[in-house]
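So you know, we letter chains A, B, ... as the sequences are listed, proteins then strands, and number each from 1. Not measured: the values here are computed from a predicted model.
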Amino acid sequence: MFKVWYHDNKSFAEYLIKITNLSKYNPQIEKISLGRNFAENPDTIQKILYLDIPDAIITYGFPEKPVLGVEFCAEAPSGHDIFQRVARVAASASFGTSFAFIFPEKKWVVREIGGRWDIYNPLPLRALVNISTFHKVPALPFFWEANQISGNESEGFLLTDKEFPNMPDRNSKEMKQFAEFVNLTIAYVLQNRNFEEMMFDPFILERVAWMWDRYHERYRRKPNLFDWSPLTSCRIIKTSELIKLVKEKIGREPNLPHYVVDRAETVVYEPSTRNFRSDPYTGSLVGIDYLTCRNGETVRHRYRNLVIHFPQVSFQKMKSMFVRYYKEECPFRPSNRETDTYLTLHLRDGCRYTKQKELRIYCYIADLLLFRDAALY
DNA sequence: AGTTGTGAGGGAACCATCGC
DNA sequence: GCGATGGTTCCCTCACAACT
């Protein structure tokens, strides 16, 4: 009845089963099918992958219904890097799948002289509170703890598990909380109670209080939202200024949708990269949306417009990306002779699930994409 | 002068695909 | 099969800025 799906590392699924009540139900382990085999995934799994792919997904019953997504992240939690996984949290939550996002509280980073702790950025915690609130489903963070006494020195002193050396120590306080959350989710599923009701479970309420507590613990050092990454690369402008900016780029009055014109303010995310790339900007964009633009479940529920601007990237760079996809991979390319499930997937859904992540996330989330020389809206 | 947070850029590892 | 190739993802490096 329960199944655990994994993306590329089977030990994630095995660990998850081992440390939770999932082990009582003898769940099957399956690999998520990607690339040309994407259509082999159950429809419900396909849906929650429309932006990005988590490390593990727990499903229940037949046809498989996703009940929990899990992400294990071991990278240093400061700056914008940690945001690169946020798109997968939001995608799951927006289809009613609860989520657990595990990332380091801190990590020791070796420098040429000595080293220092890289400590968590508070904004992911706040972004997760908003994701939970808007989608009425728990999306909770758990800390991967670290210390210099019992931590693994080669992993920045993260506490690692004895049996699964790449995973967090199951005996740490936070991983016990995580296991409790998984067990609670299983209990709700078995009792056929919905996740909206679970939002009011004492465990979740306590955890949300914990999230705010840990948020403020860091935030009070610099109590201004836009002083923390990735909002440090954002600015708020009047929408009338946005229209002027677009006009400069395209040389004529843009015909923007009324709902964009009607919002008084616009958040512009402006990374100064010279490359059109996905990580970490795609995930950051989703985080920025939930932190400063959204006030509801969908991209239309926004009190501010969300724009991503690549001032140093030409439209040609993006275009070459989707042209390559069309010429070499898309089943709609004129030279394609295959009549397989990959073609059928495209006849049904277009390239929603198969085109490059950059194109999926930027185009789905942003109200406008601005390049050095072009505007897409 | 030291501390802290940032973010562009890139390396390593992995993966899928292709031609032989 | 097997190596080459090219794409993607995860995570790290390091210069720099803004502060104390």
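- One can find a donor-acceptor pair under 3.5 Å joining the base of dC12(C) and the side-chain atoms of Asp81(A).
- For the pair Thr232(A) and dG5(B), the criterion of a side-chain N or O lying under 4.0 Å from OP1 or OP2 is not met.
- Looking at heavy-atom distances under 4.0 Å, Gln356(A) makes contact with sugar-phosphate atoms alone, never a base.
- Between the side chain of Arg218(A) and the base of dG5(B) there is no donor-acceptor pair of N/O atoms closer than 3.5 Å.
- Contact annotation for Ser229(A): backbone-only contact, meaning every heavy-atom pair under 4.0 Å involves sugar-phosphate atoms and none involves a base.
- Comparing Glu155(A) and Asp52(A) against DNA chain C, the residue whose closest nucleotide sits nearer the 5' end is Asp52(A).
- Distances shown here put every side-chain N or O of Arg221(A) at or beyond 4.0 Å from the OP1 or OP2 atom of dC19(C).
- The pair Asp289(A)-Arg294(A) counts as a salt bridge, with a side-chain nitrogen and a carboxylate oxygen less than 4.0 angstrom apart.
- A side-chain donor-acceptor contact under 3.5 Å links Arg126(A) and Tyr215(A).
- Of the residues near DNA chain B, Arg36(A) and Trp117(A), the one whose nearest nucleotide (by heavy atom distance) lies more toward the 5' end is Trp117(A).
- A ring-centre distance under 6.0 Å is not found for Phe72(A) and Phe164(A).
- Under the 6.0 Å cut-off for aromatic ring centres, Tyr120(A) and Phe103(A) do not qualify, their centroids lying 6.0 Å or more apart.
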